[in-house]
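Here the structure comes first, spelled out in structure tokens, and everything after it is commentary.
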Amino acid sequence: MEATDFHALDCIDLLALFFTFGIDIPKFAIGDKGGDNPSEMTAFILVGIRIRPELHSLLFPLFLIVYGTVLLGNLSVTGIIVTDPCLNTPMYFFLGNLSFIDLFYSSVIAPKAMINFWSESQSISFAGCVTQLFLFAFFIVTEGFLLAAMAYDRFIAICNPLLYPVQMSKRFCTQLVAGSYFCGCISSVLQTSITFTLSFCASRAIDHFYCDGRPLQRISCSDIFVYKIVTFSLSSIIILPTIIVIIVSYMYIFSAVLKIRSTEGRKKAFSTCSSHLGVVSVLYGAVFFMYLTPDRFPELSKVASLCYTLVTPMLNPLIYSLRNKDVKEALRKSLKKEIVLFNCVLTVI
């Protein structure tokens with residue numbers, strides 16, 4: 001292997017060592033299409049966002065600020081929900097898991113993208129690419145099922161409030177969350193497996209800032225007809241049930257809310273759902289925009305990818321904290337405790 005095949009390990013590559021340990025990953029070829037002596041696949045090149053090199057110095061701090069906000073916001077929401085007994089309810093149990101997922105799937109993408117702003121090679125190891133695709137698919141699919149579970153939770157809370165403590169028991173909520181993670185894992189294993197059965201002998205330059213199915217499909221020299229059928233079927237099985245649950249739940253919710261006579265009652269009922277509805281709209285809007293954008297407009301797909309890989313995880317804590325009285329009150333109490341503790345430390349010093 002030539003010296004140029006080696007590059008510094010980053011967090012994705014280190015994680016890949018754990019993910020690939022003991023797993024038989026097939027070897028793929030690169031080189032000229034149809035070449036007789038292909039070399040062993042060792043790395044891909046992430047082309048990233050096509051902008052002038054001098055603008056990289058502006059894009060890096062922007063990514064850093066957004067990613068920092070993602071970390072701060074989601075860690076804060078998760079911490080408040082775990083530590084505040086008043087937030088020990090099904091809705092906040094789901095919200096805590098949503099913040100956990102947002103935190104991790106943005107962390108799968110953002111650090112590597114920021115490293116590549118300054119890296120000349122802009123490479124990602126083959127194992128790193130497999131790991132990135134697997135983890136991102138796992139978390140994004142899990143979030144879709146979790147949002148459907150949250151819609152069902154709001155449906156029970158508004159349409160059957162008297163039965164809510166019974167139907168949304170701690171055990172049932174745990175089963176819904178565990179089921180979401182299980183579906184995400186199965187889907188990710190299938191998507192990653194079918195993607196990396198393709199042969200990459202035409203090019204190793206991925207026209208994206210992370211490893212995703214569509215840009216990998218573009219550089220494959222395999223017949224992708226079966227791949228497209230399988231991925232379309234898999235996407236339909238994942239997306240349709242979650243969207244149906246969300247739409248049907250909100251149809252019943254809107255019907256129940258409209259029957260409330262008092263304006264204050266309607267406003268209160270809508271306020272419990274507006275945050276969730278906003279999160280669903282942003283996430284699914286960006287996903288549909290990206291996957292419905294034709295292949296001849298890859299830069300538009302990258303913009304949509306930025307929305308649901310960084311912007312959505314950044315907005316989710318803001319949406320829930322700014323529009324939710326319980327979270328704002330818990331945050332206020334937490335800040336007061338921190339201020340009191342800080343003053344005590346200063347007094348001792």
Side-chain angles (χ1 to χ4, degrees), residues 1-21 23-51 53 56 59 108-137 188-189 191-228 230-231 290-291 293-302 305-306 309:
M1 185 180 291
E2 296 180 2
T4 53
D5 289 332
F6 292 93
H7 57 281
L9 287 174
D10 52 44
C11 57
I12 289 293
D13 295 322
L14 290 172
L15 188 58
L17 295 177
F18 293 97
F19 176 70
T20 58
F21 183 77
I23 300 175
D24 183 22
I25 298 178
K27 303 297 181 182
F28 298 90
I30 59 173
D32 294 329
K33 187 174 180 180
D36 295 328
N37 297 306
S39 60
E40 186 178 301
M41 169 65 77
T42 58
F44 291 103
I45 296 172
L46 294 172
V47 174
I49 301 172
R50 296 179 184 274
I51 57 173
H56 281 188
L59 206 55
V108 172
I109 304 300
K112 181 62 180 176
M114 289 189 291
I115 288 171
N116 280 350
F117 283 136
W118 303 106
S119 172
E120 292 183 4
S121 64
Q122 295 186 313
S123 62
I124 182 170
S125 69
F126 175 76
C129 189
V130 174
T131 306
Q132 194 176 58
L133 178 60
F134 174 83
L135 291 176
F136 183 71
S188 182
V189 168
Q191 182 176 344
T192 306
S193 299
I194 191 66
T195 299
F196 287 97
T197 55
L198 300 174
S199 296
F200 303 103
C201 52
S203 172
R204 64 190 184 113
I206 301 173
D207 191 11
H208 216 300
F209 58 90
Y210 67 94
C211 289
D212 193 27
R214 283 187 75 185
L216 282 167
Q217 164 198 312
R218 295 189 198 112
I219 64 171
S220 171
C221 55
S222 302
D223 183 358
I224 60 173
F225 177 76
V226 175
Y227 170 82
K228 286 187 173 182
V230 173
T231 53
M290 191 193 81
Y291 284 101
T293 302
D295 285 343
R296 63 180 180 274
F297 301 117
E299 297 307 309
L300 287 178
S301 294
K302 294 175 191 178
S305 296
L306 281 173
T309 56

Side-chain heavy atoms of L198 within contact of L216, under 4.5 Å = no
Under 3.5 Å donor-acceptor, Q132 side chain and Y210 backbone | no
Can you label the angle between the F44 ring and the F200 ring as parallel, tilted or perpendicular, going by 30° and 60°? perpendicular
- Query: Side chains of H208 and V47: closer than 4.5 Å at any heavy-atom pair?
  - Reply: no
To the nearest 0.5 Å, atom CD1 of I109 lies from atom OG of S305 at 8.5 Å
Check: K302 side chain, F209 main-chain N or O, donor-acceptor pair, under 3.5 Å:
no
Scanning both residues in full, the closest heavy-atom pair of T197 with I194 reads OG1-O, 2.7 Å
Please check if the side chain of Q122 supplies one atom and the backbone of I45 the other of a donor-acceptor pair under 3.5 Å.
-> no
- prompt: Looking at side-chain heavy atoms only, is the closest gap between F136 and T309 below 4.5 Å?
  reply: yes
Of all heavy-atom pairs linking K112 and S123, the shortest is NZ-O, 2.7 Å
Does any N or O in the side chain of S222 come within less than 3.5 Å of the main-chain N or O of I224, such that one atom is a donor and the other an acceptor?
-> no
Min side-chain heavy-atom separation R218-I206 under 4.5 Å: no
*Should C211 and I124 count as side-chain neighbours, where that means a heavy-atom distance under 4.5 Å?*
yes
Keeping T231 on the side-chain end and K228 on the backbone end, is there a donor-acceptor pair under 3.5 Å?
yes
